[in-house]
Amino acid sequence: DLATLLGVSVNEVISKCLSFGMFIAINQRLDAEAITFIADEFGYEVEFISAEEETSIQLEQEDKEEDLVSRAPIVTIMGHVDHGKTSLLDYIRKTNVTQGEAGGITQHIGAYDVVTSSGKRITFLDTPGHEAFTAMRARGAKVTDIAVIVIAADDSVMPQTVEAINHAQVAGVPMVFAINKIDKPDANPNKIKEALANMNILVEDWGGKYQCQELSAKKGIGVEDLLEKILLEAEFLDLKANPKKNATGTVIEASLDKGKGYLATVLVQSGTLKIGDMVLAGSHYGKVKAMLDYRGNKLTKAGPSMPVQILGLNGAPQAGDKFNVTTEREAKEIATRREQLLREQGIRAIKRTTLNELGRRIALGFKQLNIIVKADVDGSVEALSDSLLKLSKEEVEVRIIHKGVGQISEADVTLATTADAIIIGFQVRPSANARKLADKESVEIRLYSIIYDAINDVKDALEGMLAPTI
Ligand code: GDP
């Protein structure tokens, strides 16, 4: 198959491989790296697409410039535990339910949209924290337009705050800072701004580019101002979508209700979703029988940036799955094909960066080694990170995409999957769940009790990976 794609004979491919010491048989399944390498030898560049992408391409519809209209920003709230993410989400949700609407009772469906006092819409993903954010990104879903980072003014920039900031930065998602709990007597917003400045994040009133709002989620002080700042950020992004086509978007969450059947909350990202549409999500499909928003209102259609709970799928898709609208025949066909592709991919092991593999990878053009550093004390985190950064060479750059004090967590492993990073732990261990996930996702975790050993291993690996100079 590869030879045909490259327009050469099978023998040419085999003999080319032989000349590099790679012995391959005609019916052998090649891994991604080998394919990239061989294609490169014949002057081709390879682009890999997921099973979902392959089967979605035929469903894509072109947008005409004149059909694009502005859409509401989609916001995720992240930050350290107990800094007030849930309180902020609850406050915004409650204050924006107009009286009389389903008795003002709201339900958690995974996302909600509000209209601010200035009459503009904002959509919030209703799962506080970065777990959902990274889990979606790990599945290739790009949903969040803006991240709100909540920091309690009576506390400080904490490990999960740093983690949240790193997640947003790796994803290239702009951040707005919310300094919460200013009603507390010991609140000190300036201390927070200073800590941010020390991380090279200058907020606006300190002459920087990051918008920042002091607020109290409990008393509601400053929340409207935060919403206006989110809208300002959205204006810079110039978010647009075409409502005049079949809907596409992302699954936010799904569940099975004993009475109603499968429920899925989807976020429409483009097009308009209507009752009666045949929806294909992951490897499940079904006709939309009913659509509800978080207020329990029945809807007949939902346009771009609208989160809605739909009824009618024949199974529960996963959060982060893309959805499309198509015909029943096509939905069935693609769902079956996806299941088959997923099974095949499950059999083939995923290849991720490991130190031992670096030499081979650089020969294939690998240029950046991403590392997550976790250690028992801050001094070690800094010492280890600094030394590792200094190992960067012209050919290969070392990047510390996240560092922190404490156990290696599931969130660390998820970040490693999205950024194809390795994790180095010094005097710390992974949690049981982190280890399980790392095994499943083939993420390399290296544990050390001597800093020098860690540095030396990375140094050796980098030297092994250096391209030969002439
Ligand atoms: P999360 O873990 O980040 O979701 O934090 P929560 O929203 O659960 O808040 C943690 C605690 O802080 C709760 O006891 C809240 O009542 C309290 N809290 C949240 N926001 C404020 C605030 O603006 N002022 C005060 N005084 N307490 C707050």
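Counting starts at 1 for both ligands and their atoms, following the listed order.
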Trainee: Using modelled atom types only, decide if a donor and an acceptor are shared between the side chain of N180 and the backbone of H83 within a distance under 3.5 Å.
Mentor: yes
Trainee: What protein heavy atom sits nearest atom 20 (N) of ligand 1, and how far away is it?
Mentor: N180 ND2, 3.1 Å
Trainee: Between CD1 of I201 and NZ of K193, what distance do you get to the nearest 0.5 Å?
Mentor: 14.0 Å
Trainee: So, the side chain of D145 versus the backbone of I74: is there a donor-acceptor pair under 3.5 Å, distance only?
Mentor: yes
Trainee: Of all the non-hydrogen atoms in the protein, which one sits nearest to atom 2 (O) of ligand 1, and at what distance?
Mentor: D82 N, 2.7 Å
Trainee: Which of these passes side-chain contact (heavy atoms from CB on, under 4.5 Å) with F323: L280, L273, I310?
Mentor: L273
Trainee: Minimum distance, heavy atoms only, to atom 11 (C) of ligand 1: which one of K218, K181, H83 is it?
Mentor: K181
Trainee: Verify whether the ring centers belonging to F426 and Y448 lie closer than 6.0 Å.
Mentor: no
Trainee: So for ligand 1, is A217 a polar contact partner (N or O within less than 3.5 Å, distance only)?
Mentor: yes
Trainee: For the residue pair H167 and F133, categorise the inter-ring angle as parallel (less than 30°), tilted (30 to 60°) or perpendicular (more than 60°).
Mentor: perpendicular
Trainee: Look only at interatomic distance and state if S87 has a nitrogen or oxygen under 3.5 Å from any nitrogen or oxygen of ligand 1.
Mentor: yes
Trainee: Which protein non-hydrogen atom lies closest to atom 26 (N) of ligand 1, naming both residue and atom, and how far is it?
Mentor: D183 OD2, 2.9 Å
Trainee: Only heavy atoms of S216, strictly under 4.0 Å: list the atoms of ligand 1 that pass.
Mentor: 22 (C), 23 (O), 24 (N)
Trainee: Got a protein heavy atom sitting under 4.0 Å from atom 5 (O) of ligand 1?
Mentor: yes
Trainee: Can you check whether A454's main-chain N or O pairs, donor with acceptor, with D457's side chain at less than 3.5 Å?
Mentor: no
Trainee: Return a yes/no value: protein heavy atom under 4.0 Å from atom 15 (C) of ligand 1?
Mentor: yes
Trainee: List ligand 1 atoms under 4.0 Å from H80, heavy atoms only on the residue side.
Mentor: 3 (O)
Trainee: Based purely on interatomic distance, does G84 place a nitrogen or oxygen under 3.5 Å from a nitrogen or oxygen of ligand 1?
Mentor: yes
Trainee: Do the side chain of K219 and the main chain of D183 share a donor and acceptor less than 3.5 angstrom apart?
Mentor: no
Trainee: When only distance counts, is K219 in polar contact with ligand 1, meaning an N/O pair under 3.5 Å?
Mentor: no
